[in-house]
Amino acid sequence: MRHRIFLMMVLSVLAIQPGAGQSAKFDLLISGAHVVDGSGNPWFLADVGIRDGLIVDIGNLAPRSAKRVIDAHGMVLAPGFLDMMGGTTLPLLLDPLTAQSKLRQGVTTMMAGEGDSLAPQDERTIKELHLPAGISPWITFEQYDRMLDAKGIGINVIHNVGAAQVRRVIIGDEDRAPTPEQMAKMKEIVARAMHDGSVGLSTALIYPPGAYAKTEEIIELAKVASEYGGVYFSHMRNESGQLLEAIQETIRIGEEAHIPAHIYHLKAAGEDNWPLMTKALALIQSARDRGVDVTADIYPYIRNGIGLGSFIRPQHYANGSGAFLSTLSDPQVRAQLRTEIETATDWENWYHHVGRNWDNVLVVQVPRGVDKRYEGKSVQEIATLRGADVWDTFFYLVQQGGVDVDPKSMNEEQKALALRAPFVSIGSDAEPMNPATSTYAHPRTFGTFPRILAKYVREERVISLEGAIREMTSLPANQLKLWNRGRIARGFAADLVLFDPARVADTATFEKPLSYSIGMEYVLINGQLAIDKEKPTGTLAGKVIRANR
């Protein structure tokens, strides 16, 4: 009797009454699924009950009633995928349909911000966004996030604050160190962004003006993010011949700022550098073995995406891109730059990474006013189309500004090595996009996550299904400190994907990249169906997830 009384008291304290909730109707019951819960454990058969946006029960739930039941026999139920690098959330604000490029891959949460971020802004930087009529300008993340909440978004988003954006607001595009007063203002801005809910500080150290920041400057800003429990994310200073040195810099920043460090889209670019991937993974694991929290992500393509202007040494942009680009009409300047690009190896020289072959540089997007026929063609093909020298064509394209390219710079072996590393998650490195209003994109925009499941799990068996799901769910959730997402467990947010493991696939190619993936039959965002029988429902159930709140 005493034991029974004690048990009832414990249940009362925990607010768990015997049989409580057993009769409550589910909003949705997913029946008979192969559950891959995100932990890396083997799949198991179970039903999952959802109510009020949460997973409320798992098990044999057949006797229970629900507003709707989905028969999931033969399908895999997994946590919604987390995109570790989803570009920018601005497309979601301007066009809700852009969320479909993520949702149809099974992505339910994306992290946004690299060197640039959508806050902070000032009068000059906000003008550069060319916002359409009806979109009010903003300065802080608090203001911007409130706009997203009011507009309604199709997926969950979480932001970080870009160190280059902070630099641009306080210093501009100049290649110089901040004064003590400017450094204090930069730290204040990072603190404000973290207070507003940013998950951490991010850098892109090959692009100006982020490339101008010294390691010590980044450490000081990262210390501020650390005070708020944040993370340091980096598109590192080098992804080729100095890859190991760049990783060491990232590790140093993490150690000295006392902050977890994450490497965006880890790669060893350039054929001569492909063997460095083994050493890179070992270097990261060594840091982890001594207690430094360092992780990374990759995307499953051997072509990366970059601005064509990055084929020129970043220091040439030190007085601003506009001032430099205007000099490219001078044949003497072009000749000097060509010599530098062809011979210099003391910087991230992408011309060398593509084997000094312009056929390996695919132009994927050109700005307004430039011939759209160039999109989807290599720089060499464009030169032929123009009837011009290939180097003159290169400088012409750079001078237009905003030309994006996909250089062929990696190999499949390094992708397989990275996928097998326990600390590597998945990121698309692509912003949301509406194919109806776009002309070209990197295929990762539409195919990253299903490509992992189709190519590297089902076809090539590089990793197991359970391992791949872990790299898309619980691992990135831990990296982003999203403690109630990324796993199928009671009390977790009902961000879920239900797919056919035999059919799920990417359909986007470099020739025809504006193509949605297939096989994601149901996608739930916070308990609401965003994809129903592979059809979009139009629901805007996503949330701005504010860290540390």
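Predicted model only: the values in this text are computed from it and were never measured.
More than 12 heavy atoms of other residues, nucleotides or ligands sit less than 6.0 Å from atom CZ of Arg303. Taking a 6.0 Å sphere around CD of Glu123, one finds it holds 12 or fewer heavy atoms contributed by other residues, nucleotides or ligands. By the neighbour-count criterion of 12 heavy atoms within 6.0 Å, atom CG of Asn319 is sparsely surrounded, having that number or fewer from other residues, nucleotides or ligands. More than 12 heavy atoms of other residues, nucleotides or ligands lie within 6.0 Å of CD in Glu217, so this atom counts as buried by the packing criterion. Crowding of Arg124 atom CZ: a count of heavy atoms from other residues, nucleotides or ligands under 6.0 Å exceeding 12.
Note on Asp506 versus Arg451: salt bridge recorded, some NZ/NE/NH1/NH2 to OD/OE distance being below 4.0 Å. Taking 4.0 Å as the cut-off between side-chain N and carboxylate O, Asp196 and Arg546 do not count as a salt-bridged pair. Salt bridge Lys185/Glu181: absent, no basic N to carboxylate O contact under 4.0 Å. Ionic pairing of Arg252 and Glu216 is present here: one or more N-O contacts between side-chain nitrogen and carboxylate oxygen are shorter than 4.0 angstrom. Contact check on Glu142 versus Arg146 returns a salt bridge, with a Lys/Arg side-chain nitrogen under 4.0 Å from an Asp/Glu carboxylate oxygen.
Summarising the geometry, atom OG belonging to Ser409 is positioned 8.5 Å from atom CD belonging to Glu239; distances are rounded to the nearest 0.5 Å. Between the NZ atom of Lys127 and the CD atom of Gln121 there is a distance of 13.0 Å, given to the nearest 0.5 Å. From Phe492, atom CZ reaches atom CH2 of Trp483 across 10.0 Å, with rounding to the nearest 0.5 Å. Here the CG atom belonging to Asp404 is positioned 9.0 Å from the CG atom belonging to Leu308, to the nearest 0.5 angstrom. Here Ile525 contributes atom CD1 and Leu540 contributes atom CG; the two are 10.5 Å apart, rounded to the nearest 0.5 Å. The distance from the CD atom of Gln479 to the CE atom of Met84 is 4.5 Å, given to the nearest 0.5 Å.
At a cut-off of 3.5 Å, with distance as the only test, no side-chain donor of His159 or Ser198 sits close to an acceptor on the other residue. Thr125 and Asp122 share a donor-acceptor pair across their side chains, judged by distance under 3.5 Å alone.
In this structure, the ring of Tyr351 has its center no less than 6.0 angstrom from the ring center of Phe311.
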- request: Dump the intermediate steps for side chain to side chain donor-acceptor pair (under 3.5 Å) on Asn526 and Arg485, then the final yes or no.
  value: CA-CA 10 Å; Asn526 296 307; Arg485 299 176 194 271; 3.1 Å; yes
message: Under the criterion side chain to side chain donor-acceptor pair (under 3.5 Å), I'd like the reasoning laid out for Thr215 against Glu249: C-alpha separation, chi angles, the key distance, then a yes or no.
response: CA-CA 7 Å; Thr215 307; Glu249 180 188 34; 2.5 Å; yes
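Side chain of Tyr232 to backbone of Thr250: no donor-acceptor contact under 3.5 angstrom is found. The backbone N or O of Leu205 sits nowhere less than 3.5 Å from a side-chain atom of Thr203 that would complete a donor-acceptor pair. In this structure, Glu256 contributes its side chain and Ile219 its backbone to no donor-acceptor pair below 3.5 Å. Judged by distance alone, with hydrogens and angles left aside, the side-chain atoms of Arg487 form no donor-acceptor pair with the main-chain N or O of Ala477 at under 3.5 Å. Judged by distance alone, the side chain of Tyr317 and the main-chain N or O of Gly309 form a donor-acceptor pair under 3.5 Å. Judged purely by atom type and a 3.5 angstrom limit, Asn156 uses its side chain to pair as donor or acceptor with the backbone of Thr108. A donor-acceptor pair under 3.5 Å is absent between the side-chain atoms of Asp495 and the main chain of Gly80, judged by distance alone. Side-chain atoms of Arg192 never come within 3.5 Å of backbone atoms of Phe141 as a donor-acceptor pair (strictly under, hydrogens ignored). A donor-acceptor pair under 3.5 Å links the side-chain atoms of Ser517 to the main chain of Phe446, judged by distance alone. Checked by atom type and distance alone, the side chain of Ser226 pairs as donor or acceptor with a backbone atom of Ala257 at under 3.5 Å.
For Lys415 and Tyr301, the positive end is not near the middle of the six-membered ring at less than 6.0 Å and at most 45° from its axis.
Ring-plane geometry between Trp138 and Tyr144 is classed as tilted, the angle between the planes lying from 30 to 60 degrees on a 0 to 90 degree scale. Taking the six-membered ring for Trp and thresholds of 30 and 60 degrees, His235 and His265 have ring planes more than 60 degrees apart, a perpendicular arrangement.
Remark: Asp429 pairs with Arg444 by the salt bridge (charged side-chain N to carboxylate O under 4.0 Å, His left out) rule, at least two apart or across chains. Arg356 is linked by a salt bridge (charged side-chain N to carboxylate O under 4.0 Å, His left out) to nothing, counting only residues two or more places apart in sequence or in another chain. Evaluation of the ring pair (Phe, Tyr, Trp, His ring centres under 6.0 Å) rule for Phe499 yields no partner, not counting sequence neighbours.
Using a 4.5 Å heavy-atom cutoff, the side chains of Pro120 and Val161 are in contact.
In summary, of the residues considered (Thr445, Thr448, Asp83), a side chain to side chain donor-acceptor pair (under 3.5 Å) with Ser428 occurs for Asp83 alone.
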